[in-house]
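See below for the structure under consideration.
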Amino acid sequence: MTARARFTRMDQSTREDWGLIVPEAMKMSRTLPDRVLDHLRLLDGDFGGFPVDRLTHCLQTATLAHRDGRDEEYVCCALLHDIGDTLGSFNHPDIAAAILKPFVTEENLWMVQQHGIFQGYNFFHHIGLDRDMREQFRDHPHFERTAEFVERYDNPAFDPAAEALPLEFFEPMLRRLMAQPRRSIYKAAMQA
């Protein structure tokens with residue numbers, strides 16, 4: 001059994017306690033891609049009324065981005081953009097953005113964070129919402145990038161006859177992306 005810290009309140013923790021905790025946190029961080037892949041697999045078979053299941057939609061979106069020559073970070077964003085559907089029924093882009101935030105550029109993060117509103121242009125008017133909701137961001141520097149993501153990759157990825165590379169194809173990309181965070185409040189401690 002692994003040794004554990006002994007404090008019962010965080011303000012009572014010691015350097016020795018954290019000497020036990022940080023290595024365990026580092027081990028856990030190395031398995032993040034496994035947990036993300038496992039969660040993506042939960043989308044398999046979940047159609048939610050759509051023409052394809054949620055995993056196929058994510059795979060088609062990533063496949064389109066990959067076939068279009070997008071870099072690995074972008075392709076991983078395409079793969080994970082709807083990973084939050086099962087946990088964040090009312091805010092799924094926030095879930096994907098939270099997972100990706102330590103690993104991606106600001107423009108890719110914003111694209112994932114806002115893709116739901118941008119995709120709304122294609123269907124909000126059918127459910128009583130304003131399809132032009134995305135216009136509130138018209139002057140944002142990442143507006144066009146996000147509109148393009150939806151139009152080229154997210155929007156057409158509901159076709160049962162379209163190509164969807166298998167999850168295993170994208171796994172090495174995801175592992176490379178998540179190997180080292182770009183930003184995190186814990187980054188310095190995790191590298192010690």
Side-chain angles (χ1 to χ4, degrees), residues 26-123 142 144-184:
M26 291 173 64
K27 279 196 278 187
M28 180 74 152
S29 72
R30 287 191 290 274
T31 63
L32 177 61
D34 299 314
R35 293 190 305 280
V36 169
L37 290 163
D38 286 345
H39 195 84
L40 274 171
R41 288 183 189 100
L42 292 176
L43 304 178
D44 189 15
D46 179 0
F47 286 84
F50 290 98
V52 298
D53 66 43
R54 295 177 196 282
L55 176 60
T56 300
H57 170 67
C58 290
L59 293 171
Q60 284 184 5
T61 305
T63 299
L64 288 167
H66 173 70
R67 293 285 191 234
D68 205 25
R70 296 296 182 152
D71 63 38
E72 286 190 359
E73 179 181 312
Y74 192 102
V75 170
C76 287
C77 288
L79 179 66
L80 299 184
H81 79 285
D82 278 350
I83 195 171
D85 278 349
T86 57
L87 292 175
S89 299
F90 302 102
N91 67 331
H92 79 274
D94 296 328
I95 306 299
I99 293 167
L100 287 163
K101 185 176 182 176
F103 307 104
V104 300
T105 61
E106 179 59 36
E107 63 258 21
N108 282 337
L109 180 65
W110 198 89
M111 177 182 77
V112 170
Q113 179 75 52
Q114 302 305 329
H115 84 271
I117 290 172
F118 279 68
Q119 182 68 279
Y121 178 80
N122 297 308
F123 74 93
H142 307 312
E144 292 301 327
R145 179 184 189 82
T146 307
E148 179 187 55
F149 169 75
V150 168
E151 184 58 31
R152 293 180 71 141
Y153 311 121
D154 191 13
N155 182 35
F158 293 93
D159 183 351
E163 178 186 24
L165 291 167
L167 186 55
E168 294 74 26
F169 178 84
F170 299 105
E171 182 176 344
M173 293 182 201
L174 188 65
R175 290 188 183 285
R176 285 188 289 272
L177 179 72
M178 294 186 161
Q180 186 64 43
R182 292 173 187 236
R183 59 179 171 251
S184 167

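Atoms considered below: every heavy atom in the structure, side chains included; atoms not considered: hydrogens, waters and symmetry mates. Along the sequence shown, residues are numbered consecutively beginning with 1.
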**Q.** Under the salt bridge (Lys or Arg N to Asp or Glu O under 4.0 Å) test, residues paired with E106 that sit two or more places apart
**A.**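 Not a single residue meets the salt bridge (Lys or Arg N to Asp or Glu O under 4.0 Å) criterion with E106.
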Q. What pairs with R182 under salt bridge (Lys or Arg N to Asp or Glu O under 4.0 Å), at least two apart in sequence or on another chain?
A.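 Here the qualifying residues are E73.
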Looking at every non-hydrogen atom in both residues, tell me the closest pair between [X] and [Y] and how far apart they are.
X    : Y    : result
P156 : Q60  : O-OE1, 4.2 Å
L80  : A96  : O-CB, 3.2 Å
P166 : L59  : C-CD2, 4.1 Å
P102 : A98  : CD-O, 3.8 Å
P51  : P160 : O-CG, 3.7 Å
N108 : C77  : CB-SG, 3.8 Å

Would you mind reporting whether [Y] and [X] have side-chain heavy atoms less than 4.5 Å apart?
X    : Y    : value
M26  : R30  : yes
L55  : D46  : no
L64  : D154 : no
L177 : L100 : yes
I117 : T146 : no
Y74  : R145 : yes
V36  : I83  : yes
R183 : L109 : yes

Hey, could you give me the [atom1]/[atom2] distance between [X] and [Y], rounded to the nearest 0.5 Å?
X    : Y    : atom1 : atom2 : value
L32  : R175 : CG    : CZ    : 10.0 Å
L43  : L167 : CG    : CG    : 10.0 Å
R176 : C76  : CZ    : SG    : 8.5 Å
N155 : N122 : CG    : CG    : 4.0 Å
L40  : E171 : CG    : CD    : 10.5 Å

**Q.** Any donor-acceptor N or O pair under 3.5 Å, side chains R35, T31
**A.**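 Yes, side-chain donor-acceptor contact under 3.5 Å.
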Q. Can a donor-acceptor pair be found between the side chains of D53 and T56 at a distance below 3.5 Å?
A.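 The answer is yes; a qualifying pair exists.
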Q) Among R54, H115, H81, which one satisfies side-chain hydrogen bond (donor to acceptor under 3.5 Å, both in side chains) with H92? A)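 Testing H92 for a side-chain hydrogen bond (donor to acceptor under 3.5 Å, both in side chains) against R54, H115, H81 leaves exactly one candidate, H115.
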Q) For the side chain of T61 and the backbone of A78, is there at least one donor-acceptor N/O pair under 3.5 Å apart? A)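 Checking the backbone N and O of A78 against the side chain of T61, no donor-acceptor pair under 3.5 Å is found.
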Q: Any chance you could lay out the side chain to side chain contact (heavy atoms under 4.5 Å, CB included) test for R67 and V75, step after step, and finish with the verdict?
A: CA-CA 10 Å; R67 293 285 191 234; V75 170; over 6 Å; no
Q: Check the angle between the aromatic planes of F158 and H57 and answer parallel, tilted or perpendicular using the 30° and 60° thresholds.
A: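 If you compare the ring of F158 with that of H57, the planes turn out parallel.
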Test side-chain hydrogen bond (donor to acceptor under 3.5 Å, both in side chains) applied to [X] - qualifying residues, sequence neighbours left out:
X    : value
D44  : none
D94  : N91, Q113
S184 : none
D68  : R152, Y153

Q: Quick one: do V112 and F149 satisfy side chain to side chain contact (heavy atoms under 4.5 Å, CB included)? Show the steps, please.
A: CA-CA 9 Å; V112 170; F149 169 75; 6.0 Å; no
Q | Derivation and outcome, side chain to side chain contact (heavy atoms under 4.5 Å, CB included), residues H66 and L79 | A | CA-CA 10 Å; H66 173 70; L79 179 66; over 6 Å; no
